[in-house]
Structure formats: structure tokens, C-alpha cells
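Bear in mind the structure is a predicted one, so any value in this text is a computation, not a measurement. Order of the sequence lines fixes the chain letters, A, B, ..., with proteins taken first and strands second; residue numbering starts at 1 for each chain.
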Number of protein chains: 2
Amino acid sequence: MNERAKVGETISFLLDQTVRQSKLFTQRQMDQLGLNITVEQWTLLKVVAENGRISQVDLSLKAQKDTASITRMLDLLQKKDMVRRTADDMDRRKFLISLTESGQIFFNRHTAQMDALRSKIVEGLSDQELADLERILERIRQNIV
Amino acid sequence: MNERAKVGETISFLLDQTVRQSKLFTQRQMDQLGLNITVEQWTLLKVVAENGRISQVDLSLKAQKDTASITRMLDLLQKKDMVRRTADDMDRRKFLISLTESGQIFFNRHTAQMDALRSKIVEGLSDQELADLERILERIRQNIV
DNA sequence: GCTCATTCATTGATAAATCAACAATTGACA
DNA sequence: TGTCAATTGTTGATTTATCAATGAATGAGC
């Protein structure tokens, strides 16, 4: 391994750029489709759709985001009438987050498009390559615990 | 390919998390070492070190960042007396960016540590796996042009 | 039953990313 | 030479991430 690699040659740089540009690509496609939400907001919406009536801490675990980020993203999604916060009778510190009716409709209406975008990003990669990628990323994640 | 994968199972999510957590890991190590700059600022510093006397547009190309981000990051690095902006005699729209003396000293002093951190992230990956990773990321980048 | 540590959600400060709009220059070309 | 489009850097608005600190509520242990 070359310890004196230029910035543009390092794996971290490549990883970072790839992720950022994928997100940018997805965002622009979403804007063109007129979705009017961000990539991150879609991800959060999807987690809520998959887990309905979930607390913000659990949401932060599933989405792997800081609870502070979750709070602010939920504020925005709530303004767009996509999600609601319901007080938890069992634990008054908590809110249970769920999709609103229009949030559910929005999610259903755009899931296929979003899946297609996601597929486009890994287009042309074989199952073997995808498996390799997952394994490598897993290893990296172990390295930084 | 499963079109109905949960968020946590998608490649985009894995990529995103890996990059974010690598950055977080690196930042915390840097904080412990007392570097007092951010991961992104180090990257920019490194690009300047590699390209001395470079314009902000060229810097934005090398670092693959928006010129707006470059402007603000340079403001911060300038406050820390790491870089300077010198007026370009040939083109009065431009500044030429270079390391200050203390910026150069700082960069020299910490390069080995930063290289070590970078190595730690890909520890245990074979040359073959690194090559695979680069190829796969390259393919993804082609997909989103 | 009380106390005290923990948990949950929020807020503030700071950094970085994106887009859009802008002023000052530059340079192409009619 | 004069005009006009393009380039360079900056700023503003918005979103997301990080950490630290906070108030309210919970629950474990005495």
C-alpha cells in the first residue's frame, strides 16, 4: 500500500466521492420527478413505513442517525404532512412516529421510482461483485469499531 | 436483486453508513491527537500541499467539492493560519492558495499519523479486495454520470 | 416511598453540502 | 474597440451531521 498516495488516489476519497455523487444523482432525479423531499427524508420515510409506530430512538438506530438529526428531519417531514408524532401512553418521554395518510400515499406512489433509481446506481454489477462489496464494507465497519 | 429490500439491506445505505462512520472514526482519532481541524479540512490541506499555488476553482476540481464549500473551508483554514490567499497578477478574479509556514509544519508533523489512520480503515483487506473495491466504485460512478 | 442514574427528545453551536444569485473580471468576436 | 457571454469567488438559504447541554420522565436499589 502506498502511504504517500495523493488525495485522489485514496480509498477513503473514492468512497466519499462515490457516496456523495450517488446521493446528488438521486436527489436530482427526485427533483425532476417533483418529489419535493430530500434523499435522506425518503430514507427516513421508508424506515417509518417499514416499522410504523416507532420511537425516535429506535428510528435513530434503524436509520443509523443521531437523535438530533432525527428530530430535525421529523420536523420537516411533519411540516410536509408525511409523518405524525403520537404521544406514547406507556412512556411519556416518547413519541411514536407513523406515516400520515398522505405520507403513506406518497410513499406508495413513489416506491417503484425510488427502487429504480437505487437499481440504476448498481447497474451492471454482478451478484458476485455486490456480494464482494458488501463483504468489504462490512470489514471496513469492523475496522473502525 | 430484491427490489423490496429494507433500508438496512440496500447497498446505498451500507455505503453511506460506512463512509459516515469512517469519517466519524477518523475525526475522533484526530480530536484525540489534538489536531484541532476537521477531516475535510485535512483533505483540503493535503490537496493544497500537493498542488501549491492553486486557484479555488482548480482546488474544487481536485477535491471534488463545490466552490462555495471551498470558499468557506478556506476561510476556516485561513483563520487557523494554515493557508493563505495570494492575489493572482495574471487574473484579478483569482486567488492562488498555498500553505503558510505553520500550515506546512502542521501538515508535515501529522502526515504519518493521518496515513496510519487511513491504513487502519482498510486493514485486513487484501490487495485483490482493494482492487475489487476500486473497480466497483468506478463502475458506480459511471452509472450516475 | 425516595433518591439518583438513565433514557428520551429537544435545542444551540459549528461544519459541510447543495443550489441560486451576484459583482468583478476576463476574453471572444463582431 | 465595444459588447456580451463566461469565469471566479462570495454570499444567502436550506439541509444534514456532530457534540454538548438541557428538562422531563422513568426505573433501579435502598
Side-chain angles (χ1 to χ4, degrees), chain A residues 16-32 35-45 54-61 63-80 82-97, chain B residues 16-32 35-45 54-61 63-80 82-97:
Chain A
D16 187 56
Q17 294 315 311
T18 305
V19 166
R20 200 142 47 69
Q21 295 190 10
S22 302
K23 210 173 287 183
L24 196 46
F25 165 81
T26 308
Q27 187 65 62
R28 284 172 178 158
Q29 300 286 317
M30 289 170 71
D31 290 348
Q32 276 206 332
L35 265 67
N36 194 32
I37 67 171
T38 68
V39 177
E40 300 301 338
Q41 286 167 15
W42 175 266
T43 303
L44 191 56
L45 211 56
I54 183 176
S55 76
Q56 295 186 199
V57 164
D58 288 345
L59 213 42
S60 85
L61 293 174
Q64 302 257 60
K65 288 174 190 300
D66 197 291
T67 56
S69 292
I70 297 290
T71 290
R72 284 158 184 143
M73 290 172 72
L74 286 178
D75 288 346
L76 293 174
L77 283 173
Q78 207 166 12
K79 264 190 208 151
K80 298 182 197 227
M82 297 283 195
V83 302
R84 72 168 75 84
R85 285 171 161 102
T86 311
D88 184 342
D89 295 332
M90 302 293 102
D91 187 338
R92 285 189 297 166
R93 289 169 306 180
K94 291 187 185 175
F95 290 119
L96 294 179
I97 310 302
Chain B
D16 188 55
Q17 294 314 312
T18 306
V19 166
R20 198 142 48 69
Q21 296 191 9
S22 302
K23 209 174 287 183
L24 195 46
F25 165 81
T26 308
Q27 186 66 62
R28 285 172 178 159
Q29 300 288 315
M30 289 171 70
D31 290 348
Q32 276 206 331
L35 265 67
N36 194 31
I37 67 170
T38 67
V39 178
E40 299 302 338
Q41 286 167 16
W42 174 266
T43 303
L44 192 56
L45 211 56
I54 183 175
S55 76
Q56 294 186 201
V57 165
D58 288 346
L59 213 41
S60 85
L61 293 173
Q64 302 257 59
K65 288 173 190 300
D66 198 292
T67 57
S69 291
I70 297 290
T71 291
R72 284 157 185 145
M73 291 171 71
L74 287 178
D75 289 346
L76 293 174
L77 284 173
Q78 207 167 11
K79 264 189 209 151
K80 300 182 196 224
M82 297 285 194
V83 302
R84 72 169 75 83
R85 286 172 161 101
T86 312
D88 184 341
D89 295 333
M90 302 294 101
D91 186 340
R92 286 189 297 165
R93 289 169 305 180
K94 291 187 185 176
F95 289 118
L96 295 178
I97 310 302

For [X] and [N], what is the distance between atoms [atom1] and [atom2] respectively, to the nearest whole Å?
{"X": "F95(B)", "N": "dT10(D)", "atom1": "CZ", "atom2": "C1'", "result": "10 Å"}
{"X": "K94(B)", "N": "dT10(D)", "atom1": "NZ", "atom2": "C1'", "result": "17 Å"}
{"X": "L24(A)", "N": "dT15(D)", "atom1": "CG", "atom2": "C1'", "result": "13 Å"}
{"X": "R20(A)", "N": "dA17(D)", "atom1": "CZ", "atom2": "C1'", "result": "14 Å"}
{"X": "L44(A)", "N": "dA17(D)", "atom1": "CG", "atom2": "C1'", "result": "14 Å"}
{"X": "Q56(B)", "N": "dT11(D)", "atom1": "CD", "atom2": "C1'", "result": "13 Å"}

Strand contacts (DNA chain C) in residues 66-75 of chain A, 4.0 angstrom heavy-atom criterion: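 Contacting residues: T67(A), A68(A), T71(A), R72(A).
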Members of residues 84-91 of chain A that approach DNA chain C, where some heavy atom sits under 4.0 Å away: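 Under 4.0 Å from DNA chain C: R85(A).
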[N] phosphate, OP1 or OP2: any side-chain N/O from [X] under 4.0 angstrom?
{"X": "T38(A)", "N": "dT16(D)", "result": "yes"}
{"X": "R92(A)", "N": "dT26(D)", "result": "yes"}
{"X": "K65(A)", "N": "dA17(D)", "result": "yes"}

Heavy-atom closest pair, residues [X] and [Y]:
{"X": "T86(B)", "Y": "R84(B)", "result": "OG1-CD, 3.7 Å"}
{"X": "K65(A)", "Y": "I70(A)", "result": "CB-CD1, 4.0 Å"}
{"X": "M30(A)", "Y": "T38(A)", "result": "CE-O, 3.6 Å"}

Once side chain to side chain contact (heavy atoms under 4.5 Å, CB included) is applied, do any residues pair with [X], and if so which ones, sequence neighbours excluded?
{"X": "R85(A)", "value": "Q56(A), T71(A), L74(A), D75(A), Q78(A), F95(A), I97(A)"}
{"X": "D88(B)", "value": "M90(B), D91(B), K94(B), L96(B)"}
{"X": "A87(B)", "value": "none"}

Side chains of R20(B) and K23(B) in contact at under 4.5 Å (non-hydrogen atoms):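 Heavy-atom side-chain distance check fails, nothing below 4.5 Å.
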Sub-4.5 Å side-chain heavy-atom contact between Q27(B) and D31(B):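 Side chain of Q27(B) against side chain of D31(B), heavy atoms only: contact under 4.5 Å found.
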Which residue lies more 5' along DNA chain D, comparing L76(A) with R93(A) via nearest heavy atoms: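 It is L76(A) whose nearest nucleotide is closer to the 5' end.
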Touch class at under 4.0 angstrom, heavy-atom based, for Q27(B) against every strand present: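 Q27(B): no heavy atom of the nucleic acid under 4.0 Å.
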Gap separating the [atom1] atom of [X] from the [atom2] atom of [Y], nearest 0.5 angstrom:
{"X": "L59(B)", "Y": "Q64(B)", "atom1": "CG", "atom2": "CD", "value": "12.0 Å"}
{"X": "L45(B)", "Y": "L77(B)", "atom1": "CG", "atom2": "CG", "value": "6.0 Å"}
{"X": "L35(A)", "Y": "T26(A)", "atom1": "CG", "atom2": "OG1", "value": "11.5 Å"}

Expected output: side-chain Q21(B) to main-chain D16(B) donor-acceptor under 3.5 Å: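 No, the answer is negative, given that no donor and acceptor are paired below the 3.5 Å cut-off.
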Chain A contact limits on DNA chain C, taken 5' to 3' with a cut-off of 4.0 angstrom to heavy atoms: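 Both ends considered, the range comes out as dT7(C) to dC19(C).
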Residue closer to the 5' end of DNA chain C, V39(B) versus L96(A) (nearest nucleotide):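 Between the two, 5'-proximity favours L96(A).
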